Chemist: 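First, the structure itself, so that you have it in front of you.
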Protein chains: 2
Amino acid sequence: MGTKGNINRQRIVEAADRLFYVRGYNQTSFSDISDATGLPRGNFYYYFKTKEDILDAVVESRVESFSQMLDACMQATSDPYGRLQAFVSMPLQSEQVLQYGCPIGTLSAELGKAQSEHDSRVHMTAVFDLLRHWCVDQFVALGVSAARADQLAMDLLARMQGVVLLASVYNDRAFLQRASRDIQAWLETVIKH
Amino acid sequence: MGTKGNINRQRIVEAADRLFYVRGYNQTSFSDISDATGLPRGNFYYYFKTKEDILDAVVESRVESFSQMLDACMQATSDPYGRLQAFVSMPLQSEQVLQYGCPIGTLSAELGKAQSEHDSRVHMTAVFDLLRHWCVDQFVALGVSAARADQLAMDLLARMQGVVLLASVYNDRAFLQRASRDIQAWLETVIKH
DNA sequence: AGGGGAGTCATACGATTGTCCAAAATTGGC
DNA sequence: GCCAATTTTGGACAATCGTATGACTCCCCT
């Protein structure tokens, strides 16, 4: 197993991840990734047979990235309510969210459009499922029933997605902060049911 | 002024509108619009100098379309609260929302990505501004202060966007219906402040 | 030390992209 | 029914897209 090989593969995935986020998947060409990495285009096909394979690797990378962030929320406190609070405040700590929106939401919206063949929606539900199940776990730990916990998790994700979308459309940092506080306040009222 | 000219121009805009919604702006080619309309590609450039000009016309068309829908909400009842309820239930009546998401939200997410030159974000804020100001008017008519009305309008739009996004990601009609009812319930608690 | 696989690189392919143009066809005013 | 303006048409354009290939270099293993 080549050690340098995985290094280049990782560089490709990292550059593609950033470019897919900033410019979108369809608007990112192999030349763009080539320019960003310094690697010739022909080299990509040693690691990935097709562009969609790169997308798969990027999605996998984002799953890993969000998984680490959830771990950080877990280690912040042992209180499930505090963990959810930390989760809600997470978009506030990203500088790029206001410019390019949510990495999951915008990519899902893009891949939700009709392609020629593959229905890529399956990919992004994986990332959303990660967050969804984690939220369900927190709500269940707070004594909520499983069915109700799933409803609350969906509501929470929907509210965060909507807030980030509108904040990025209007480039409105103040709204992002205020709406995040409102979500946290809503969480508080929901817990003491 | 040619009468047939405007007919063809309208056909182009209608086909582009549908294709931009179903397949996305960047993924829609001139050939696609040509196939959908039966008009040769060369004819497009008599009415539009560039592809972005077609996008402008499509956005203008969507503004008109949403404006008519708001008028329908206005004529449904004279009660501002009932009008807002009708507005919230609007995504429920669209069959395609579950498949392709919100026509405004998804296009905004796509155009919010970094292009080479033009910052097209200005276009979509126009459509969101239409809904935003209309909601503000309804809240003000209910006796809410202007500043608070704008906050409520942003909250309402954000919640609807988030619900539609997650519902389309999971293709979950039941969630779309339940979450819409929750938004309407939230509206009720907000009004009697 | 040299054979072989892992990894790199330049180049090229056919298809498609947005753009443009110069005729042909159509139209309306007189 | 003629002429000028408007509209239509089909093809050509340079560029770029994702894909593919084959020769090249490097390094490890026996």
Side-chain angles (χ1 to χ4, degrees), chain A residues 1-20 22-59 107 110-111 113-120 123, chain B residues 1-20 22-59 107 110-111 113-120 123:
Chain A
M1 283 304 174
T3 63
K4 189 176 181 186
N6 282 352
I7 288 183
N8 276 356
R9 195 195 124 103
Q10 188 177 348
R11 285 206 293 172
I12 294 173
V13 173
E14 284 175 359
D17 192 349
R18 211 193 69 246
L19 285 168
F20 289 175
V22 171
R23 318 192 18 154
Y25 170 67
N26 291 304
Q27 282 301 96
T28 298
S29 69
F30 280 67
S31 301
D32 294 330
I33 308 179
S34 173
D35 293 343
T37 57
L39 271 56
R41 276 171 315 188
N43 196 7
F44 299 163
Y45 279 83
Y46 178 74
Y47 299 103
F48 310 97
K49 293 194 192 90
T50 176
K51 192 186 179 186
E52 204 171 311
D53 285 349
I54 301 185
L55 176 61
D56 290 341
V58 166
V59 170
L107 187 56
E110 188 176 0
L111 299 180
K113 297 299 181 181
Q115 308 286 103
S116 49
E117 28 186 357
H118 248 113
D119 197 3
S120 309
H123 293 143
Chain B
M1 281 305 171
T3 63
K4 188 176 180 187
N6 281 353
I7 287 183
N8 276 357
R9 197 195 122 103
Q10 188 178 348
R11 285 207 291 172
I12 294 172
V13 173
E14 284 174 0
D17 193 347
R18 210 194 69 246
L19 286 168
F20 288 175
V22 172
R23 321 196 6 158
Y25 170 67
N26 290 305
Q27 281 301 95
T28 299
S29 69
F30 279 70
S31 301
D32 294 330
I33 309 180
S34 174
D35 293 342
T37 58
L39 271 56
R41 277 168 310 177
N43 193 6
F44 300 162
Y45 278 82
Y46 178 73
Y47 298 104
F48 308 98
K49 292 195 193 91
T50 176
K51 192 186 180 186
E52 203 171 313
D53 284 350
I54 300 185
L55 175 62
D56 290 341
V58 166
V59 169
L107 186 56
E110 187 176 2
L111 298 180
K113 298 298 182 182
Q115 309 286 103
S116 49
E117 29 186 356
H118 248 112
D119 196 4
S120 309
H123 294 143

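Owing to the predicted nature of the structure, the values given are computational and were not obtained by experimental measurement. Just so we're on the same page: letters track the sequence lines, and every chain starts at 1.
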Chemist: How close or far is atom C1' of C:dT17 from atom CD of B:Glu52, stated in whole angstroms?
Modeler: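 Interatomic distance, CD of B:Glu52 to C1' of C:dT17: 16 Å.
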
Chemist: Report yes or no: do A:Arg9 and A:Asn6 form a side-chain donor-acceptor pair below 3.5 Å?
Modeler: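 No donor-acceptor contact under 3.5 Å links the two side chains.
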
Chemist: Could you tell me how far apart B:Phe30 (CZ) and D:dG10 (C1') are, to the nearest whole angstrom?
Modeler: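 Atom CZ in B:Phe30 sits about 16 Å away from atom C1' in D:dG10.
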
Chemist: Measuring from the side chain of B:Asn43 (C-beta onward, heavy atoms only), which nucleotide among D:dT9, C:dC9, D:dG18 has the closest atom?
Modeler: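 Comparing D:dT9, C:dC9, D:dG18 against the side chain of B:Asn43, the answer is D:dT9.
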
Chemist: Would you please confirm or rule out a distance under 4.0 Å between OP1 or OP2 of D:dA20 and any side-chain N or O of A:Tyr45?
Modeler: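 Answer is no, no contact under 4.0 Å.
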
Chemist: If you compare every side-chain N and O of B:Thr50 against the phosphate oxygens of C:dT19 (OP1, OP2), does one of them come in below 4.0 Å?
Modeler: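 Looking at the OP1 and OP2 atoms of C:dT19, one of them is under 4.0 Å from a side-chain N or O of B:Thr50.
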
Chemist: What are the two closest heavy atoms between A:Leu39 and A:Ser34, and how far apart are they?
Modeler: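 Smallest heavy-atom distance, with atoms named: O-OG, 2.7 Å.
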
Chemist: What is the distance, rounded to the nearest whole Å, between atom CZ of B:Phe44 and atom P of C:dC20?
Modeler: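 These atoms are roughly 15 Å apart.
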
Chemist: Between A:Thr50 and A:Asp53, do the side chains contain a donor N or O and an acceptor N or O under 3.5 Å apart?
Modeler: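 No donor-acceptor contact under 3.5 Å links the two side chains.
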
Chemist: Do B:Phe48 and B:Phe30 have ring centroids that are under 6.0 Å from one another?
Modeler: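 They do not qualify: ring centres at least 6.0 Å apart.
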
Chemist: Please classify the nucleic acid contact of A:Thr28 as base, sugar-phosphate, or nothing, using heavy-atom distances under 4.0 Å.
Modeler: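 The answer is sugar-phosphate, as A:Thr28 gets under 4.0 Å only of primed atoms, P, OP1 or OP2.
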
Chemist: Closer to the 5' end of DNA chain D via nearest nucleotide, is it A:Lys49 or A:Ser29?
Modeler: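 Nearest-nucleotide comparison on DNA chain D picks A:Ser29.
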
Chemist: Does B:Asn8 make a side-chain N or O approach to OP1 or OP2 of D:dT8 shorter than 4.0 Å?
Modeler: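 For D:dT8, OP1 or OP2 has a side-chain N or O of B:Asn8 closer than 4.0 Å.
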
Chemist: For the backbone of B:Gly24 and the side chain of B:Glu110, can you confirm whether one donor and one acceptor N or O come within less than 3.5 Å of each other?
Modeler: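 No.
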
Chemist: How many Å lie between CG on B:Asp35 and C1' on C:dT16, as a whole number?
Modeler: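 Checked: the CG to C1' distance equals 13 Å.
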
Chemist: Among the candidates C:dT8, C:dT17, D:dT8, find the nucleotide nearest to the side-chain atoms of B:Tyr47.
Modeler: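 That would be D:dT8.
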
Chemist: Return the value, rounded to whole Å, for the distance between atom CG of A:Asn6 and atom C1' of D:dC27.
Modeler: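 So the CG-C1' distance, A:Asn6 to D:dC27, works out to 16 Å.
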
Chemist: Using atom CD of A:Gln27 as one end and atom P of D:dG18 as the other, report the distance to the nearest whole Å.
Modeler: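 Rounded to the whole Å, the gap is 10 Å.
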
Chemist: Quickly work out the A:Tyr46 OH to C:dG7 C1' distance and round it to whole Å.
Modeler: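 In whole Å, C:dG7 C1' lies 5 Å from A:Tyr46 OH.
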
Chemist: For B:Leu19 and C:dT17, what is the distance between atoms CG and P respectively, to the nearest whole Å?
Modeler: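 Rounding to the nearest Å, CG of B:Leu19 and P of C:dT17 are 12 Å apart.
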
